[in-house]
There are 2 protein chains.
Amino acid sequence: MYCIFCEIIARREPARVHYEDEDVIVFENRLHWTPIMLLVVPKKHLNQKELWADLGKVGRVAVELGEKLCPNGFRILSNFGHDAMQSQHHAHVHVLGGMHLGPYV
Amino acid sequence: MYCIFCEIIARREPARVHYEDEDVIVFENRLHWTPIMLLVVPKKHLNQKELWADLGKVGRVAVELGEKLCPNGFRILSNFGHDAMQSQHHAHVHVLGGMHLGPYV
């Protein structure tokens, strides 16, 4: 099944990549709702529950990028299912910042 | 230094507790911005970066509670610093759901 994140990881789709190692890739979310809007993605095609069973390095990388790019603060979030507007099956964590984010609902 | 989360963990302040084990406690956020609005909190007084260095069980518990209480979906998020409106030093992860949450900014 076609997965845009797997295509980006395989470099068959373009993305602005901010970080990459053997397990994790970080690239810009094309939505650009906030000045910094990154996706932290395990290279393995996990679902959200599988990723969050042991977030590990994905969490560390999210915080490192947030601190580096958003010195005034940032928000890490992850959406599960319809009510949260999850649009990609491939597990991912958002990092948002670069502006005052306001309340989180 | 006074910490409301440490006071709740010590049962010196009231809270509606949804889950507790030796490492983690989950209680309702008094803000009640969404029908389900939980705080998943390590019992040890860590800061956000210390928690997110190895999210581990806190992530698993957040997903388990989200799935149980929000069958149509939920959002997990964590705020770092001023721009994200972080108000408590003691590390914590929010679980939001029980309604259509809309965009996440």
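Order of the sequence lines fixes the chain letters, A, B, ..., with proteins taken first and strands second; residue numbering starts at 1 for each chain. In this text the structure is predicted, and so the values were computed from the model without any measurement.
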Engineer: In terms of heavy-atom pairs under 4.5 Å, which option from B:Pro71, B:Ser78, B:Gly56 contacts chain A the most?
Structural biologist: B:Ser78

Engineer: Please say yes or no: joined through hydrophobic side-chain contacts below 4.5 Å, possibly via intermediate residues, are B:Met1 and B:Val41 part of one cluster?
Structural biologist: no

Engineer: Is it the side chain or the backbone of B:Leu51 that comes within 4.5 Å of chain A heavy atoms, both, or neither?
Structural biologist: neither

Engineer: What part of B:Glu67 gets within 4.5 angstrom of chain A, counting heavy atoms only: side chain, backbone, both, or neither?
Structural biologist: side chain

Engineer: Check whether B:Leu96 gets within reach of chain A through its side chain, its backbone, both or neither, counting any heavy atom under 4.5 Å.
Structural biologist: side chain

Engineer: Please tell me whether A:Leu69 and A:Val93 are part of a single hydrophobic cluster in this structure, the criterion being side-chain heavy atoms less than 4.5 Å apart.
Structural biologist: yes

Engineer: Heavy-atom cut-off 4.5 Å, strictly under: side chain, backbone, both or neither for A:Gln86 against chain B?
Structural biologist: neither

Engineer: Near A:Arg12 CZ, under 6.0 Å, is it more than 12 heavy atoms from other residues, nucleotides or ligands?
Structural biologist: yes

Engineer: To the nearest 0.5 Å, what is the distance between OG1 (B:Thr34) and OH (A:Tyr104)?
Structural biologist: 9.0 Å

Engineer: Okay, side chain of B:Arg75, backbone of A:Asn79: is any donor-acceptor separation there less than 3.5 Å?
Structural biologist: no

Engineer: Shorter than 4.5 Å, heavy atoms on both sides: which option in A:Ala84, A:Gly81, A:Gly102 has the most such pairs with chain B?
Structural biologist: A:Ala84

Engineer: For residues A:Ile76 and B:Val63: do they belong to one hydrophobic cluster (side chain heavy atoms under 4.5 Å, members Ile, Leu, Val, Met, Phe, Trp, Tyr)?
Structural biologist: yes

Engineer: Starting from B:Ile25, can I reach B:Leu38 by hopping between I/L/V/M/F/W/Y residues whose side chains sit under 4.5 Å apart?
Structural biologist: no

Engineer: Nearest 0.5 Å please: distance from the CH2 atom of A:Trp52 over to the CD atom of B:Glu64.
Structural biologist: 13.0 Å

Engineer: Counting heavy-atom pairs closer than 4.5 Å to chain A, which one of B:Gly98, B:Gly97, B:Ala62, B:Pro103 comes out on top?
Structural biologist: B:Pro103

Engineer: Quick one: which of A:Val58, A:Leu101, A:Asn72 has the most heavy-atom pairs under 4.5 Å with chain B, could you say?
Structural biologist: A:Asn72

Engineer: Same hydrophobic cluster for A:Val105 and B:Val95, using side-chain heavy-atom links shorter than 4.5 Å among ILVMFWY?
Structural biologist: no

Engineer: To the nearest 0.5 Å, what is the distance between CG on A:Asp83 and CD1 on B:Ile36?
Structural biologist: 11.0 Å

Engineer: If the plane angle is over 60° it's perpendicular, under 30° parallel, otherwise tilted; pick one for B:Phe80 and A:Phe74.
Structural biologist: parallel

Engineer: Working to the nearest 0.5 angstrom, can you tell me the gap between A:Asp54 CG and B:Lys57 NZ?
Structural biologist: 13.0 Å

Engineer: Within a radius of less than 6.0 Å around NZ of A:Lys49, do more than 12 heavy atoms belonging to other residues, nucleotides or ligands occur?
Structural biologist: no

